[in-house]
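Let me begin by presenting the structure, written as C-alpha cells, before commenting on it.
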Amino acid sequence: MLRTDKAEDQLREVIFYIVEDTGDVDVALAYLGKIESAINRLQEFAESGSPPRYSILKKQGYRVLVVERHLVFYRINEADKLVIIYAIVDGRREYLNLI
C-alpha cells in the first residue's frame, strides 16, 4: 500500500475540516479511522472499489472506494501487487481536477 503526498495532504485537510466544523477531535479521529479501515481493506480486496463515473479516469485505470461522503481514488499496480492511493476527495465536490 502506498499513498501519494497529494492523498496524504487531502486526508489531513478532511480531518482538519471536521475538527473545525464540529469542534470535536474525537469525531474527526473516528472518521479518520473509518477511512483508514476502508483503505487498509484494499490490501486484501483491491478490486472492491468501483470504476469511477468519468470515462477518462476509467481509462487511466482508477478505481474509487466510497467512504461515507468521501471518495478514495486508487490504482492497482498488478506487476508489484501494490495499491496506490492517489486522492481522497469530498464526493459532493467536482473532483475531476483534484486527482
Side-chain angles (χ1 to χ4, degrees):
M1 181 78 63
L2 179 70
R3 287 188 221 181
T4 63
D5 289 342
K6 179 187 249 183
E8 287 289 348
D9 290 345
Q10 290 169 328
L11 182 57
R12 205 171 0 270
E13 287 173 17
V14 167
I15 300 311
F16 287 148
Y17 174 80
I18 292 171
V19 170
E20 282 181 24
D21 190 49
T22 65
D24 192 338
V25 173
D26 292 334
V27 170
L29 292 176
Y31 194 69
L32 174 62
K34 287 180 185 180
I35 291 175
E36 293 286 358
S37 292
I39 288 172
N40 288 335
R41 278 193 301 276
L42 290 174
Q43 290 179 337
E44 294 289 321
F45 306 103
E47 299 285 337
S48 63
S50 306
R53 71 175 182 200
Y54 290 114
S55 61
I56 189 157
L57 296 177
K58 285 181 200 174
K59 289 176 186 171
Q60 293 174 354
Y62 284 99
R63 296 189 71 78
V64 63
L65 184 67
V66 178
V67 182
E68 292 192 19
R69 68 176 182 251
H70 285 87
L71 306 175
V72 177
F73 287 89
Y74 69 97
R75 289 195 283 194
I76 304 166
N77 179 324
E78 294 290 344
D80 297 331
K81 299 294 182 207
L82 182 67
V83 173
I84 304 168
I85 308 297
Y86 285 92
I88 302 168
V89 298
D90 189 324
R92 299 170 298 179
R93 293 181 57 197
E94 179 52 53
Y95 56 79
L96 188 58
N97 294 330
L98 299 175
I99 300 172

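No hydrogens, no waters, no symmetry mates; every other heavy atom, side chains included, goes into these values.
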Approximate separation, where rounding is to 0.5 Å, of [X] [atom1] and [Y] [atom2]:
X: Arg3; Y: Ile84; atom1: CZ; atom2: CD1; answer: 13.0 Å
X: Ile18; Y: Asp21; atom1: CD1; atom2: CG; answer: 8.0 Å
X: Leu71; Y: Asp90; atom1: CG; atom2: CG; answer: 8.0 Å
X: Leu11; Y: Glu36; atom1: CG; atom2: CD; answer: 6.0 Å
X: Arg69; Y: Tyr31; atom1: CZ; atom2: OH; answer: 5.5 Å

Reference residue Val83; test side chain to side chain contact (heavy atoms under 4.5 Å, CB included); the match among Ile39, Leu65, Leu42: Leu42

Test your reading of the model: is there a side-chain donor-acceptor pair from [X] to the backbone of [Y], 3.5 Å cut-off?
X: Tyr62; Y: Tyr54; answer: no
X: Gln10; Y: Ile88; answer: yes
X: Arg63; Y: Ser48; answer: no
X: Arg75; Y: Tyr86; answer: no

Set of residues satisfying side chain to side chain donor-acceptor pair (under 3.5 Å) with respect to Asp80, sequence neighbours excluded: Asn77

Flag if over 12 foreign heavy atoms under 6.0 Å of CD, Glu78: yes

Cluster overlap Val67 with Val19, hydrophobic side-chain contacts below 4.5 Å: yes

Lys/Arg N to Asp/Glu carboxylate O, Asp9 vs Arg12, below 4.0 Å: yes

